[in-house]
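All values below come from the heavy atoms of this structure, side chains included, with hydrogens, waters and symmetry mates left out.
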Amino acid sequence: MKKLIILALTIAAGCRPSRESAGESILSYPVPFSGQTAAWYCTNGFYEHDFSLTGGHLLAQWFSGGDPVLAEDFSDRFNIPAYLGPDPAMNPGVESPNCQIHGYWKPFEYDQAQFLEWLAQKRGMTDYLPANARRFNDYKGDLANPVVIGEAVPGDLKKSYGKQVTFSGGRVRFFQDNRLNPARWWAPYNAIMHHETTATFMVDDVPAPKIVRVRQIMDDYLTGKDRTQRIVLRYKARIRVEDYRAQTDERSIFDMYLPGELESGKDLLTSLHREWRQRAQGDTPMARWTKAYMERRLETPFVQVSVCFNMSQENERYILQEMILFNKDYLSTTVGHYKPVNNDALSQWMYEGGCSGFVGWNRFPVDKLKVDGLTCDKEFPVVLSGGEYADVSGNDSPVIERTVEGAIDITNYYVMARRNDFFPGERGFYIDDDLMHGFNAPGTPEYDPEFKPSIFWGGFMFEMAGPYLLDIDIEQFDITIDS
């Protein structure tokens, strides 16, 4: 405990920064960008198990009403390759994108007209959402691609559920009026049906030759063989949040429901919510975690904005590092429930993370990169400039504006991460897939000393729930090789 207190006291002082100019970009779409933009908008597909009537997978169970004949009909109609991945029809003419935008729409959203038609014909139902979900947007047609390139005329926001991503003047703008999103209160629960909170995620790939080059730079830096080159992430964005909870009278998901609807509603979202509540009963680790997750992701409005970099996605390894830049009432779902990594200090600051086996995912506030002796030290400063954490939790102003910017030395972070066990498998510690929520599971596999991470892509993203309007102007986002 004394060690944790000392670490916390050193955050303010941080580590000694060094300021150097940016070098050669490794990203396919560095911001600002001077070339031709070709962006692919990615939807979210179904999984094969979504069509199962067993194992707690709610999708086919709900659409079929539990009727095996209807479930087979539903599967025949919608269990098709086009719905098991991003929809190419959403991006006509874009064959070689240099940027990907993920919005996590499910097929029953972006092709909702077909699903609603099936519901009407087979079950006499008019919607898969509760009545008030669509009170600000009654559009029930297929959704439109929200990506706008250059001077193209923006589409009807109702047809993209309030989402728009604009590429203009070398910059990127994320816009989301969540009042127009009937799924503004939806949250993920993979064991039932994978659906994310309202989100926009820009994935910026690193070309294969540069992945090889960066891997060597990072390994040489870690071993001390050569520290003349470093990998640095730089970002700057202006964030504006408008709060419409009072005007919409929706301060939580419960305000959206009609009286008695949560207890007796037949729609998919309400059924999902009831399933959450049932699984949250009892005093088991899983029940306690489910209750906390439900309260903090499904029932409570929030906004969070992050940058990230993925250090591996080969051979069933996935090491994603996310740093939260902006936080409005976004709460941790891990603290008090399970330890994501084999480091008590970092685990206490994690908001999401863990995954399983050698698949690792850490999400924590960006200012935790300034903790001397944990995420940085005098020899290995991680935050080279900026890196302030815009935490506006509890601020109920109708409009909140913040600018976030910084430079993060990924090579120095890699040294500190290996030194302090931030990755899965370090010293034999990993989280067992079956015991992820509520347990620490030291196991026999250890971090392979021959495994050498690189940077496969960088990302800029937000997540939100509830009736907020979010506007993000991304002025800079780049990962470079600096000398």
Are side-chain heavy atoms of [X] and [Y] found at a separation under 4.5 Å?
X    : Y    : result
L325 : Y235 : yes
M464 : Q176 : yes
Q229 : D482 : no
F477 : L27  : yes
D204 : S28  : yes
V214 : I231 : yes
F46  : P107 : yes
I481 : R213 : yes

Quick one about [Y] and [X] (side-chain donor to acceptor, distance below 3.5 Å, no hydrogens or angles considered), yes or no?
X    : Y    : result
T403 : E405 : no
W185 : E299 : no
E242 : Y468 : no
N178 : T198 : yes
E295 : Y293 : no
N395 : S397 : yes

Between [atom1] on residue [X] and [atom2] on residue [Y], distance to nearest 0.5 Å:
X    : Y    : atom1 : atom2 : value
F364 : L346 : CZ    : CG    : 5.5 Å
T270 : L262 : OG1   : CG    : 6.5 Å
Y161 : D177 : OH    : CG    : 14.0 Å
R251 : T300 : CZ    : OG1   : 13.0 Å
M416 : T411 : CE    : OG1   : 12.5 Å
F136 : Q247 : CZ    : CD    : 9.5 Å

For this session: Quick one: do Y41 and H102 satisfy ring pair (Phe, Tyr, Trp, His ring centres under 6.0 Å)? Show the steps, please.
Result: CA-CA 6 Å; Y41 183 70; H102 293 256; 8.3 Å; no
For this session: In sequence, state the C-alpha distance, the side-chain angles, and the governing distance for F108 and W186, and then conclude on ring pair (Phe, Tyr, Trp, His ring centres under 6.0 Å).
Result: CA-CA 14 Å; F108 58 77; W186 220 311; 5.7 Å; yes
If every non-hydrogen atom of [X] is compared with every non-hydrogen atom of [Y], which pair is closest and at what distance?
X    : Y    : value
R171 : I474 : CB-O, 3.5 Å
R184 : A133 : NH1-O, 2.9 Å
G459 : F201 : CA-CE2, 3.8 Å
V404 : A390 : CG1-CB, 4.0 Å
W40  : C42  : CD1-SG, 3.1 Å
S454 : R215 : OG-N, 3.3 Å

If only atom types and distance count, is the side chain of [X] paired as donor or acceptor with the main-chain N or O of [Y] below 3.5 Å?
X    : Y    : value
N343 : D421 : no
S306 : M461 : no
E109 : K106 : yes

Can [X] be said to sit on top of [Y]'s aromatic six-ring, NZ or CZ under 6.0 Å from centre and within 45° of the ring axis?
X    : Y    : result
R297 : F302 : yes
R363 : Y351 : no
R227 : Y221 : yes

Exercise. Should E322 and N362 be marked as a side-chain hydrogen bond (donor to acceptor under 3.5 Å, both in side chains) after you check the CA-CA gap, both sets of side-chain angles, and the distance that decides it?
Worked result: CA-CA 6 Å; E322 293 189 18; N362 300 331; over 6 Å; no
For this session: Can you label the angle between the F460 ring and the F174 ring as parallel, tilted or perpendicular, going by 30° and 60°?
Result: perpendicular
Problem set entry | Stepwise side-chain hydrogen bond (donor to acceptor under 3.5 Å, both in side chains) test for Q216 and D220 | CA-CA 6 Å; Q216 191 62 55; D220 288 347; 2.9 Å; yes
For this session: Give the C-alpha distance, both sets of side-chain angles, the deciding distance and a yes or no for side-chain hydrogen bond (donor to acceptor under 3.5 Å, both in side chains) between S332 and T334.
Result: CA-CA 6 Å; S332 172; T334 62; 3.3 Å; yes
Exercise. Looking at K236, R173, R234, which one forms a salt bridge (Lys or Arg N to Asp or Glu O under 4.0 Å) with E475?
Worked result: K236
Problem set entry | Worked check of side-chain hydrogen bond (donor to acceptor under 3.5 Å, both in side chains) between E352 and T333 | CA-CA 6 Å; E352 308 275 5; T333 61; 3.0 Å; yes
Problem set entry | side chain to side chain contact (heavy atoms under 4.5 Å, CB included) between V399 and R240, intermediate numbers included | CA-CA 7 Å; V399 177; R240 176 184 174 92; 3.5 Å; yes
Exercise. What's the verdict on ring pair (Phe, Tyr, Trp, His ring centres under 6.0 Å) for Y29 and F167, showing C-alpha distance, side-chain angles and the deciding distance?
Worked result: CA-CA 11 Å; Y29 194 89; F167 293 83; 5.4 Å; yes
Problem set entry | Steps toward side chain to side chain contact (heavy atoms under 4.5 Å, CB included) verdict (F422, T375) | CA-CA 9 Å; F422 293 175; T375 53; 3.9 Å; yes
For this session: Walk me through it: do D329 and V303 pass the test side chain to side chain contact (heavy atoms under 4.5 Å, CB included)?
Result: CA-CA 7 Å; D329 303 317; V303 178; over 6 Å; no
For this session: Begin from the C-alpha positions of M256 and L269 and carry the test side chain to side chain contact (heavy atoms under 4.5 Å, CB included) through to its verdict.
Result: CA-CA 11 Å; M256 181 186 67; L269 174 57; 3.8 Å; yes
Exercise. Which is it for D391 and K328 under the salt bridge (charged side-chain N to carboxylate O under 4.0 Å, His left out) test, yes or no, and what are the steps along the way?
Worked result: CA-CA 6 Å; D391 188 354; K328 178 169 172 54; over 6 Å; no
For this session: Test N412 against every option in V382, L369, D377 by the side-chain contact (heavy atoms from CB on, under 4.5 Å) rule and name the one that passes.
Result: V382
